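This report refers to the structure that appears directly beneath it.
This is a predicted model, so every value here is computed, not measured. Here is how names work: the chains are called A, B, and so on, in the same order as the sequence lines, proteins then strands, and each is numbered from 1.
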Amino acid sequence: MRTKAASGSNAMEDKQFELRKSKLKELRAMGIDPYANDFTPEHTTRELVSLHASKSPEELEEMEGLFSLAGRVVSKRDFGKSAFFHLSDRTGRIQAFIQKNSIDEETFTLFRKLLDVGDFAGVRGELFKTRTGELTVRVRELFFLTKALRPLPEKWHGLQDVETRYRQRYLDLVANQRTREIFKIRSKVINLIRRFLDERDFLEVETPVLHPIAGGATAKPFVTHHNALDMDLYLRIAPELYLKRLVVGGLERVYELGRTFRNEGVSTKHNPEFTMIEFYQAYATYEDLMDLIEELVCYVVENTVGDTLVEYEDKKIDFKGPWKRINIYETLREKFGSKITEEEFLFAKADSMGINHNGIKGKALTEIFEALFEATLLNPTFVYGFPLDVSPLARKNDDDPEVVDRFELYICGREIANAFSELNDPIDQKKRFTDQVEMKKKGEDEYHEMDNDYVSALEYGMPPTAGAGIGIDRLVMLLTNSSSIREVIFFPHLRP
RNA sequence: GAGCCGUUAGCUCAGCUGGUAGAGCAACUGCCUUUUAAGCAGUGGGUCACAGGUUCGAAUCCUGUACGGCUCACCA
């Protein structure tokens with residue numbers, strides 16, 4: 001279903017729309033600008049409520065001066081010679097009371113006849129309490145600020161239609177408190193992450209979104225074209241390689257928080273553009289980053305949910321540390337015995353599970369692990385011991401050259417973060433790229449391309465460094481009990 | 001990409017095995033000076049997503065298309 005407002009012919013026939021347009025004309029005919037921009041509210045609804053709601057009626061009566069505020073009219077109850085309405089602003093809502101006796105008659109009539117639910121209005125008046133004790137503004141002056149030509153969704157059930165909620169998110173935000181809460185939390189999460197890293201002397205940076213080579217992850221990129229240079233460019237699938245160039249340049253602690261693009265399936269856990277943070281810290285190891293990420297995520301959880309126990313769907317996730325750390329190889333050996341690392345047994349096992357490994361040992365190992373254990377990792381768990389051949393940018397483990405110093409963080413069966421000690425040996429890096437190119441030829445088309453420019457950066461020397469990427473959308477899903485990634489992205493990808 | 005489900009008034013939803021469209025809210029007209037899902041009386045509002053088909057007759061059955069949801073696949 002497309003939006004009704006978008007189809008012009010229906011709109012012309014819509015009676016409520018036509019009626020509101022005629023009210024608009026009427027306001028103009030009376031010399032009132034229905035889109036006035038000369039009213040400055042001096043208060044917010046939250047201010048008024050938090051400062052004065054606890055006062056007695058007598059105390060309120062003794063207060064001098066008028067309060068002014070502006071917002072959307074979200075309800076209206078008309079009694080003939082008086083009326084109540086609620087104004088909603090960014091901080092909340094407050095009730096207003098307009099009375100024939102306490103305002104000029106023309107304004108009172110205008111209110112009754114021409115102000116609709118959905119319009120924006122400004123009011124000036126004093127505070128009082130109704131019989132039921134609700135703090136209310138007695139309107140002395142009323143200002144028309146914006147006429148809404150279309151009616152808002154229903155006041156009680158709000159807006160339920162999922163498609164309309166996503167396509168016309170503004171209506172969802174007006175109608176549904178929960179939606180507003182989700183996006184406030186999202187904003188707060190991002191803010192907390194910045195604060196956390198800033199406090200630890202990380203520098204926030206911006207690197208290109210348009211890449212000549214799509215690197216830093218294994219994913220299919222979006223392709224675009226630069227006309228003047230007549231060349232294809234890719235939307236970044238990760239900022240990793242540019243951030244590490246900055247570390248080469250001496251920016252020892254950097255992070256970038258921003259949009260990343262992957263040209264793959266859309267699902268409740270995947271949106272083609274999503275937000276992630278990557279950060280790099282020189283002289284740190286992947287184990288240091290386990291500690292740091294645990295601290296960071298707990299900091300975010302504490303300051304949003306306010307509890308280490310987080311309810312998600314029908315589960316309870318316990319964020320209280322220290323988090324479990326499990327090794328892929330050890331876990332698989334416990335299950336299958338040591339023969340699991342022998343190619344013949346491994347590939348047979350993978351084949352029996354329907355896993356497409358393409359003769360790549362590391363791929364078979366990680367996919368078997370994911371298929372069997374991913375879903376069981378409810379509480380935050382660091383999974384480490386990744387095979388070399390699926391980790392072309394990670395540093396080799398000092399004890400086991402088949403393994404890299406890398407981990408992924410799983411929470412509630414989902415990958416939330418990926419991190420490793422960075423490979424800073426340019427000769428090894430070049431070989432890894434070469435191996436990737438070989439595998440790409442075998443049909444692994446999302447594998448890494450050769451990136452000589454990045455290799456030369458390493459040739460100038462990158463200090464020992466560890467870096468991590470965290471999927472912000474998935475983290476926000478967990479913290480807001482959202483079962484779909486679309487619930488935490490304002491405008492999720494939909495067919496036009 | 002596959003399977004299942006959905007699309008009815010501005011919004012939320014009914015509408016059974018086919019008989020020609022309903023409610024609540026919103027809107028409109030009245031009445032009502034402390035309501036808060038205000039109330040009371042009355043009124044208007046629909047190409048039942050779209051296109052075909054079956055039928056005397058289709059919101060309802062069938063086919064296709066569009067859009068969406070969920071699951072799976074691909075993957076991150």
Is there a donor and acceptor pair closer than 3.5 Å between the side chain of A:His270 and the base of B:C75? yes

A:Asp89 versus A:Thr44, side-chain donor and acceptor atoms under 3.5 Å: no

Test of understanding: with salt bridge (Lys or Arg N to Asp or Glu O under 4.0 Å), list the residues that count as partners of A:Arg186, not counting sequence neighbours. A:Asp473

Distance-only donor-acceptor test (3.5 Å): side chain A:Glu163, base B:U7: no

Can you list, by residue number, the residues of residues 271-281 of chain A that have a non-hydrogen atom closer than 4.0 angstrom to RNA chain B? A:Asn271, A:Phe274

Distance-only, no hydrogens or angles: does the A:Glu154 side chain make a donor-acceptor pair with backbone N or O of A:His157 under 3.5 Å? yes

Is there a donor and acceptor pair, one atom on the side chain of A:Arg131 and one on the base of B:U34, closer than 3.5 Å? no

Does the base of B:U34 carry an N or O that pairs as donor and acceptor with the side chain of A:Ser82 under 3.5 Å? no

Mind checking if A:Ile237 touches a base, just sugar-phosphate, or nothing, with heavy atoms under 4.0 Å? nothing

Counting any heavy atom closer than 4.0 Å, what does A:Asn101 reach on the DNA or RNA strands: base, sugar-phosphate only, or nothing? base

Taking the basic N atoms (NZ, or NE/NH1/NH2) and the acidic carboxylate oxygens, is any pair closer than 4.0 Å for A:Lys361 and A:Glu402? yes

Under 3.5 Å side-chain donor-acceptor pair for A:Thr136 and A:Thr130: no

On the side chain of A:Gln160, is there an atom forming a donor-acceptor pair with the base of B:U12 - under 3.5 Å, no angle test? no

